[in-house]
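In what follows, chains carry the letters A, B, and so on, assigned in the order in which the sequence lines appear, proteins first and then strands, with residues in each chain numbered from 1.
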There are 2 protein chains.
Amino acid sequence: MDANTTERGVNFCHSCAIRNRAICADLDNEEIGMLNAIGRRRRLKAGEQILWEGDDAVLVANVIEGVMKLSTQTSDGKEQILGLSYPSDFLGRPFGQTTPYGVEALTDAHVCVFQRSDFDRFAREHPKLEHKLLERTLTELDRTRRWMLLLGRMNAEQKLASFLLETADRLAPASCSFIADEAPVHFELPLARQQIADVLGLTIETVSRQFTKMKKEGLIDLPSRREVTILDRQALEDRAE
Amino acid sequence: MDANTTERGVNFCHSCAIRNRAICADLDNEEIGMLNAIGRRRRLKAGEQILWEGDDAVLVANVIEGVMKLSTQTSDGKEQILGLSYPSDFLGRPFGQTTPYGVEALTDAHVCVFQRSDFDRFAREHPKLEHKLLERTLTELDRTRRWMLLLGRMNAEQKLASFLLETADRLAPASCSFIADEAPVHFELPLARQQIADVLGLTIETVSRQFTKMKKEGLIDLPSRREVTILDRQALEDRAE
DNA sequence: CGGGACTTTGATCCTTATCAACTTATGTGG
DNA sequence: CCACATAAGTTGATAAGGATCAAAGTCCCG
């Protein structure tokens with residue numbers, strides 16, 4: 001069988017925007033063909049959910065485009081966002097029984113989905129893929145632990161400043177790529193105020209007040225609800241500590 | 001060469017307390033022999049540090065006995081404990097340049113240490129090991145994300161109740177193993193009050209007050225500073241939500 | 001334009017941090 | 001073995017940061 005096509009149609013992987021950044025980066029053409037055969041692309045509307053906390057873990061996916069949120073709730077209904085996934089990030093829980101958190105698209109998104117059983121089998125037979133997945137999972141664990149410092153020890157100002165800086169960095173590769181200063185000074189927030197609050201462990205009112213304060217102090221500008229311009233990156237970094 | 005011995009002495013792995021639970025569980029005798037050859041055992045005193053945040057990542061290790069803490073600090077010196085490692089847990093950052101957090105023994109401990117370069121090479125040549133490490137890392141990521149909910153959305157009472165329940169569960173395998181109710185009702189805390197505060201993102205005073213309150217309410221008993229007896233597990237679970 | 005969702009702003013309250021004093025353990029040398 | 005020193009933990013008083021409750025303002029999309 002030609003590695004470039006599958007029963008499900010053409011091999012999307014060759015033209016994939018994240019071909020060189022996702023966990024499939026190290027696979028050769030034949031392997032990519034096999035992976036392509038068990039996966040399929042799926043478009044998601046902003047707000048659409050693809051994984052539900054507590055469900056059997058049936059799907060895993062790569063994010064190709066857009067921003068996804070991983071979240072859970074306390075029993076009294078307060079949400080906590082556990083992480084955000086950007087293009088080339090991996091989603092879902094391979095080698096596990098249940099999905100440990102819900103996953104929802106924040107923006108219109110594009111993902112590459114696999115049945116977990118298919119993916120697990122493929123991964124076990126392809127150590128190169130498992131290795132990439134391991135490196136990615138280790139990086140994600142580091143990032144998550146850094147976020148714990150934010151949640152456990154930072155005040156509202158430090159939290160929002162850190163969030164804005166990280167968002168700018170993470171959005172960078174997708175937009176332009178000035179190498180000198182990678183992070184865009186101007187960007188569009190993939191999250192509404194309430195969602196930012198859920199990421200930072202704050203209330204929407206506190207987030208709003210901090211935005212207003214930073215704007216008054218000239219650190220940022222807010223041309224519209226979803227737009228942010230960083231006017232004084234150094235000062236913002238100082239606030240984030 | 002006999003797989004049971006190395007230049008550094010006998011193969012400790014065969015009698016290792018965590019032989020069947022750590023990432024080396026799936027290796028056969030020959031492989032274990034090779035791993036044994038590049039590792040060495042090390043005893044740590046309570047309070048001894050083996051990894052420093054920001055250093056080059058030169059070491060990785062398995063915890064054999066004792067409890068280790070992973071921690072980082074804000075620039076103004078407040079500590080945040082990022083996680084605790086119990087026997088059979090893996091420590092350190094393979095495939096990475098720098099150590100992302102400090103690691104210190106909370107109790108007298110026993111670890112099995114590898115040069116990261118040796119370990120990385122061995123792992124890449126042994127997919128079975130990499131797979132175990134991947135599963136462990138995924139589990140650790142899940143656990144860490146659950147901890148984010150605690151840090152971001154729980155109040156002091158919920159935090160301490162959750163901490164006591166998790167500590168009881170994690171200490172279980174080391175102590176007795178009643179299968180009916182695995183978690184011991186009575187156990188010794190591996191952490192001092194200040195360290196508990198650093199785990200939970202609270203101050204020592206708040207932790208102390210919560211301990212006193214729970215004791216007054218008959219949920220727990222505190223025979224000594226480091227000892228805890230759970231008197232009403234159900235009530236404790238209700239407090240943790 | 002008009003309605004609904006999202007956001008900002010204001011007033012007040014509550015939890016937890018902070019500061020300070022006191023108590024209880026742990027350990028050391030006379 | 002006890003007295004004293006030091007570290008660890010508890011308790012109390014006060015303050016501050018953020019939550020909560022309430023209302024007004026703004027944007028967006030039909």
Side-chain angles (χ1 to χ4, degrees), chain A residues 45-47 69 74 76-80 106-108 149-164 188-217 220-228 239 241, chain B residues 45-47 69 74 76-80 106-108 149-164 188-217 220-228 239 241:
Chain A
K45 286 268 158 220
K69 83 166 193 209
T74 54
D76 58 335
K78 276 180 289 189
E79 182 164 5
Q80 173 67 48
L106 286 175
T107 62
D108 287 351
L149 178 65
L150 177 145
L151 288 174
R153 290 297 185 207
M154 289 188 182
N155 63 29
E157 180 182 51
Q158 295 172 314
K159 284 179 176 181
L160 186 60
S162 300
F163 170 78
L164 291 175
E188 190 176 328
L189 287 169
L191 295 86
R193 294 287 185 277
Q194 179 61 59
Q195 294 167 327
I196 296 174
D198 292 334
V199 171
L200 300 179
L202 297 170
T203 58
I204 185 173
E205 294 94 332
T206 299
V207 170
S208 179
R209 281 185 246 271
Q210 290 298 327
F211 264 117
T212 305
K213 185 161 77 72
M214 287 184 183
K215 183 177 174 178
K216 274 188 188 150
E217 295 171 340
I220 59 172
D221 194 23
L222 301 167
S224 77
R225 287 177 171 180
R226 291 291 187 124
E227 285 173 287
V228 177
R239 301 297 169 95
E241 284 201 315
Chain B
K45 286 268 159 220
K69 83 165 194 210
T74 55
D76 57 335
K78 276 180 289 188
E79 181 163 7
Q80 173 67 49
L106 287 175
T107 63
D108 286 352
L149 177 66
L150 176 145
L151 288 174
R153 289 301 186 202
M154 289 187 182
N155 63 29
E157 180 182 51
Q158 296 171 314
K159 284 178 176 181
L160 186 60
S162 300
F163 170 78
L164 292 175
E188 190 176 328
L189 288 169
L191 295 86
R193 294 287 185 275
Q194 181 60 59
Q195 294 167 329
I196 296 174
D198 292 334
V199 170
L200 300 178
L202 297 171
T203 58
I204 185 175
E205 295 94 333
T206 300
V207 170
S208 179
R209 282 185 245 272
Q210 290 298 327
F211 264 117
T212 305
K213 185 160 77 71
M214 287 184 184
K215 183 176 175 179
K216 274 188 188 150
E217 294 171 341
I220 58 172
D221 193 24
L222 302 168
S224 77
R225 287 179 170 182
R226 290 293 186 121
E227 285 174 286
V228 177
R239 301 298 171 93
E241 284 201 314

Please give, in whole Å, the distance from dG12(D) P to K213(B) NZ? 15 Å
Residue whose closest nucleotide on DNA chain C lies nearer the 5' end, L222(A) versus E157(B): L222(A)
Between atom CG in L189(A) and atom P in dC6(C), what is the gap in whole Å? 15 Å
What's the closest nucleotide to the side chain of N155(A) if the choices are dT8(C), dG18(D), dT16(C)? dG18(D)
Sidechain-backbone polar pair: R193(A) side chain, R225(A) backbone, donor-acceptor under 3.5 Å: yes
Using a cut-off of 4.0 Å on non-hydrogen atoms, how would the nucleic acid contact of R225(A) be classed: base, sugar-phosphate, or nothing? base
Donor-acceptor pair, distance only, cut-off 3.5 Å: does the side chain of D221(A) make one with the backbone of P223(A)? no
Can you find a donor-acceptor N/O pair under 3.5 angstrom joining the side chain of E205(B) to the base of dC19(C)? yes
What is the separation between atom CD on E227(A) and atom C1' on dT7(C), rounded to the nearest whole Å? 16 Å
What is the distance, to the nearest angstrom, from the CE atom on M154(A) to the P atom on dG17(D)? 17 Å
Look at all strands and tell whether T212(B) reaches a base, only sugar-phosphate, or nothing, counting heavy atoms closer than 4.0 Å. sugar-phosphate
Is there a side-chain contact between R209(B) and the phosphate of dT16(C), meaning an N or O under 4.0 Å from OP1 or OP2? no
Is the shortest side-chain N/O distance from T206(A) to OP1 or OP2 of dA19(D) below 4.0 Å? yes
Using modelled atom types and a 3.5 Å cut-off, is there a donor and acceptor pairing between side-chain atoms of R239(A) and backbone atoms of S162(A)? no
Could you check how far NZ of K159(B) sits from P of dT16(C), rounded to whole Å? 8 Å
Please report, rounded to the nearest Å, how far the P atom of dT10(D) is from the CZ atom of F211(B). 8 Å
Measure from CG on L202(B) to C1' on dG9(D) and round the result to the nearest Å. 16 Å
Candidate pair E227(A) and L222(A), rule side-chain contact (heavy atoms from CB on, under 4.5 Å), full reasoning: CA-CA 6 Å; E227(A) 285 173 287; L222(A) 301 167; over 6 Å; no
Heavy-atom nearest nucleotide on DNA chain D for Q210(A) versus S224(A): which residue maps closer to 5'? Q210(A)
Give T203(B) one of three labels, base, sugar-phosphate or nothing, depending on what nucleic acid heavy atoms sit under 4.0 Å from its own. base
Once you round it to whole Å, what is the distance between P of dG18(D) and CZ of R153(A)? 14 Å
Under 3.5 Å, is there a donor-acceptor pair between the side chain of Q80(B) and the main chain of D198(B)? yes
